[in-house]
Participant: 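Once you've had a glance at the structure underneath, I'll fire off some questions.
Residue numbers count from 1 along this sequence.
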Amino acid sequence: MASVALSPAARTQALENMAREELDVLVIGGGVVGSGAALDAVTRGLRVGLIEAQDFAAGTSSRSSKLIHGGLRYLGMLDFRLVAEALRERGLLIQKLAPHLIRPVPFIYPLKHRVWERFYADSGVALYDTLGMLTGQSRGVPRHRHLTRRGARAIAPSLREDALVGALQYYDAQVDDARHTLFVARTAAAYGAHVANRARVVGFLKEAGRVIGAEVSDMETGERIRIRAKRVVNATGVWTEETLGLSGERGGRRVRASKGIHLVVPRDRIRSDSGLILRTEKSVLFVIPWGRQWIIGTTDTDWELGKDHPVASKADIDYLLDRVNAVLEDPLTHEDIQSVYAGLRPLLASGPGPTAKLSREHAVESPVPGLVVITGGKYTTYRVMAKDAIDAAVTGLGRKVPPSCTKDVPLLGAEGWRALQNSVPSLAEQSGLSPTRVESLLGRYGSLVHEILDLIRQDRSLGEPLTSAPAHLRAEIVYAASHEGARHLDDVLTRRTRIGIETSDRGLDVAEEAASLIGPLLGWSAEQRASEVEAYRGRIAAERESQTMPDDVTAHAVQLGALPLAVQSSN
C-alpha cells in the first residue's frame with residue numbers, strides 16, 4: 001500500500017471532499033480508537049471521513065504509559081477475558097500489524113516475601129504467559145523467568161538490597177503511542193479515507209430525529225462545513241458526553257475521567273537493563289526504559305476539571321517519587337525530573353469508588369439513530385474497539401458490508417521493514433548517515449524511512465541534526481509538516497517527535513529552529529512564526545509552574561492563567 005502524505009493541501013482537499021459527497025461513515029475523534037475505526041471502515045469498502053478537533057493523538061493517545069500490554073494487574077481483578085483479548089492484540093501488533101513501531105520490553109517484579117509471594121506472583125505471571133500462548137499470538141515475547149536477589153540486582157543494580165528477596169522477570173511491549181496513532185490514521189488515508197485534523201464538530205445534522213452528519217468548524221480558517229454521512233461514530237474518549245450533547249441528547253453510559261501522570265528522568269539516574277513493575281497500595285507503578293530516559297508512572301485519580309488541559313500537581317509528583325524511591329538505592333529528587341506529562345483515561349463509570357478499580361472494558365451504544373458511541377477500553381485493544389464500533393455502525397446500512405479485516409492489514413511502514421533492518425549498512429552508505437542514525441529512523445518510520453531519505457537527497461542540510469535536539473534530524477521536522485499532518489509547532493515537538501519530553505528544556509531551545517523549518521511549508525508569516533514559538537514557550541512555562549502547585553485545582557488554575565490566548569482559543 002503506497003503512503004499518502006497528510007500535507008496541508010491534502011487536508012484542504014479532504015475537507016472539500018467530505019463537504020461534497022455523502023459518506024457512509026464519519027468518525028469523530030483522531031485518537032487511536034477513532035483512527036482505528038476509520039481504518040476498519042475504509043478497509044470494508046466504505047466511504048469514510050475522519051475529523052479531529054485538535055491534533056491526531058492530542059488527548060489520551062499521546063499521554064499513556066506507552067505500553068502495549070495485556071494488563072497483568074487485571075488478573076487480580078479476575079478479568080481473564082480482557083487480559084486474553086489484550087494479549088492477542090499485543091501479539092498481532094508485534095508480529096504483523098506494526099513490528100516497526102512496537103517492540104518487546106522486559107520488566108523485573110521484585111518479591112518481598114520468600115515463599116508465598118513467589119508462588120502467588122509466579123502463578124499470575126505464568127497464567128499471563130499461558131493466556132498469551134492460547135491466543136496463538138505470543139511469539140516474539142519471551143516467557144517469564146525467576147531471579148534470585150543477586151540475579152535481579154545484577155540486571156538492576158539500582159535496586160536496594162533490602163527491597164527484595166528475589167524477583168520475576170517478564171515481558172510486555174512498548175510503543176510510541178502518538179506516532180502509532182498517526183500511522184493508523186495515515187494508513188486509513190492510504191486506503192482512501194478523508195482525514196483532517198483541526199476540524200471541530202460544533203453540531204450534528206439531524207433529519208426526523210436521526211443524525212445524518214455533522215457541522216464542522218475548520219479551526220485553521222474559521223470556515224464552517226456540513227458533512228453528510230449515513231452513520232456517525234463518536235470516538236472522542238473523555239469528551240464523549242460533551243460531543244453527544246451537541247446532538248441535543250443525553251443518556252447512555254457516563255464516562256469517568258481518570259488522570260494519570262508520568263515522570264521522565266535521565267537514563268543514568270537508574271542503573272538497570274530492565275524496566276521495573278512495583279505494586280503500590282492502589283495499583284502498580286512502572287519504570288519503563290525510553291531511549292535515553294526512564295518513564296515512571298502512573299497515577300489513577302479522578303479528574304473533574306477542564307479536559308483539554310489535565311495537569312500534574314506537586315502531590316502527584318511526590319506520590320510517584322515516594323513509591324519508586326522505596327526500592328531505589330539512590331533516591332530520585334525533583335531536580336532529577338526532566339519532564340512530566342498528564343493524560344486522562346476515558347473509563348466507563350460504574351458508581352463511586354477509586355478509578356483504579358473501574359473496568360477497562362469498552363462499550364458500544366447508539367443513543368440516537370444514526371449515531372454510534374464507543375467508550376471505555378484501553379490503548380492495546382483499540383483495534384477490537386474500532387471493529388465493534390463499525391460493526392454497530394453498518395447494521396441496517398442497507399447493503400451487505402464485509403466483516404472487519406484489520407487483523408490482516410499491516411500499518412504503513414511495516415511492509416519490508418525487516419528487510420530494511422538487514423540493509424542498514426547500505427542505507428547508511430547511500431544516505432551519508434551513520435548506521436545508528438538509520439536504525440533510529442527505522443524505529444520511528446519503518447519502511448517509510450525512504451521518504452525521509454528522499455528529503456535529505458533533495459536538500460543535504462536536512463540530514464543535519466537539530467542544534468538543540470541532536471537525536472532528531474532537521475528532515476524529520478520538515479516531514480512532520482509535509483507528510484504527517486502537523487499544523488502547529490506544538491504538534492511537531494510534542495507528538496511527531498518527543499522532543500518536548502525527551503530534552504531537559506522540554507524543547508524550548510529548538511523551538512525557533514523547528515518553526516523556521518515548518519513555517520514555509522505551512523505558509524507562516526514572520527509574525528505567525530513568532531506567535532507559534534511564543535505559544536509553545538507559554539505552554540511549557542504553564543506546565544512547569546502548575547507542577548509546583550499542591551493540588552489539581554490550583555495546578556489547573558495556574559496553567560489556564562499562564563496559557564497564551566492563542567493556545568487557549570485553539571481548544
Participant: Got a sec, which residues hit side chain to side chain contact (heavy atoms under 4.5 Å, CB included) with Thr375, two or more places apart in sequence or on another chain?
Facilitator: Thr240, Val255, Leu348, Ala363, Val373

Participant: Using distance alone, with no hydrogens and no angle criterion, decide if Trp239 and Asp308 have a side-chain donor and acceptor under 3.5 Å apart.
Facilitator: yes

Participant: Can you spot which of His180, His69, His362 makes a ring-ring contact (aromatic ring centres under 6.0 Å, His included) with Tyr379?
Facilitator: His180

Participant: Check this for me: does any side-chain nitrogen of one of Arg544 and Asp505 sit under 4.0 Å from a carboxylate oxygen of the other?
Facilitator: no

Participant: Can you pull the salt bridge (Lys or Arg N to Asp or Glu O under 4.0 Å) pairs that have at least one residue in residues 465-488, sequence neighbours excluded?
Facilitator: Arg179-Glu484, Glu220-Arg487, Arg444-Glu476, Arg474-Glu513

Participant: Identify, with sequence neighbours excluded, every residue that meets side-chain hydrogen bond (donor to acceptor under 3.5 Å, both in side chains) alongside Asp454.
Facilitator: Arg457

Participant: Is it true that Arg383 and Thr406 share a donor-acceptor pair across their side chains at a distance under 3.5 Å?
Facilitator: yes

Participant: Go through the structure and list residues passing side-chain hydrogen bond (donor to acceptor under 3.5 Å, both in side chains) with Asp40, not counting sequence neighbours.
Facilitator: Arg44, Ser404

Participant: Looking only at the side chains, is there a donor atom on one of Ser64 and Asp177 sitting less than 3.5 Å from an acceptor on the other?
Facilitator: yes

Participant: So Lys259 and Val311, do their side chains get closer than 4.5 Å, heavy atoms only?
Facilitator: no

Participant: Applying side chain to side chain contact (heavy atoms under 4.5 Å, CB included), name anything that partners Ala486, two or more places apart in sequence or on another chain.
Facilitator: Ala480, Asp491, Val492, Arg496

Participant: List the atom of Val27, the atom of Gly34, and the distance in Å for their closest heavy-atom pair.
Facilitator: CG1-O, 3.4 Å

Participant: Which label fits His262 and Tyr341: parallel for a plane angle under 30°, tilted from 30 to 60°, or perpendicular past 60°?
Facilitator: parallel

Participant: Partners of Glu215 by side-chain hydrogen bond (donor to acceptor under 3.5 Å, both in side chains), sequence neighbours excluded?
Facilitator: Arg224

Participant: The criterion is side chain to side chain contact (heavy atoms under 4.5 Å, CB included); which residues satisfy it with Pro520, sequence neighbours excluded?
Facilitator: none

Participant: Which of these, Thr548, Asp552, Thr301, Val558, sits in a side-chain contact (heavy atoms from CB on, under 4.5 Å) with Ser313?
Facilitator: Asp552

Participant: Looking at Arg267, I want to see if its CZ is surrounded by more than 12 non-hydrogen atoms of other residues, nucleotides or ligands under 6.0 Å.
Facilitator: yes

Participant: For Ala5 and Ala10, which heavy atoms make the closest approach, and how far apart are they?
Facilitator: O-CB, 3.4 Å

Participant: If I take atom OG1 from residue Thr12 and atom CD from residue Glu223, how far apart are they, to the nearest 0.5 angstrom?
Facilitator: 9.5 Å

Participant: What are the two closest non-hydrogen atoms of Ala514 and Leu489, and how far apart are they?
Facilitator: CB-CD1, 3.7 Å

Participant: Is a donor on one side and an acceptor on the other found under 3.5 Å between the side chain of Arg63 and the backbone of Ala342?
Facilitator: yes

Participant: Do the side-chain N and O atoms of Glu502 and Trp290 include a donor-acceptor pair separated by under 3.5 angstrom?
Facilitator: yes

Participant: So, using salt bridge (charged side-chain N to carboxylate O under 4.0 Å, His left out) as the criterion, who are the partners of Asp509 when residues are at least two apart?
Facilitator: none

Participant: May I have all residue pairs that pass salt bridge (Lys or Arg N to Asp or Glu O under 4.0 Å) and include part of residues 10-21, sequence neighbours excluded?
Facilitator: Arg11-Asp218

Participant: How close do Leu455 and Ala475 get, heavy atom to heavy atom, and via which atoms?
Facilitator: CD1-O, 3.9 Å

Participant: How far apart are the closest heavy atoms of Leu473 and Gly463, and which atoms are they?
Facilitator: CD2-O, 3.3 Å

Participant: So which heavy atom on Pro99 is nearest to which on Ala414, and how close?
Facilitator: CD-CB, 3.9 Å

Participant: Under 30°, 30 to 60°, or over 60°: which ring-plane class applies to His100 and Trp417, parallel, tilted or perpendicular?
Facilitator: tilted

Participant: Which residues pass the side chain to side chain contact (heavy atoms under 4.5 Å, CB included) test with Thr494, sequence neighbours left out?
Facilitator: Asp490, Tyr536, Arg539

Participant: Once side-chain hydrogen bond (donor to acceptor under 3.5 Å, both in side chains) is applied, do any residues pair with Thr554, and if so which ones, sequence neighbours excluded?
Facilitator: Asp551

Participant: Show every ring-ring contact (aromatic ring centres under 6.0 Å, His included) that has at least one partner inside residues 458-484, sequence neighbours left out.
Facilitator: Tyr445-Tyr479, Tyr479-His483

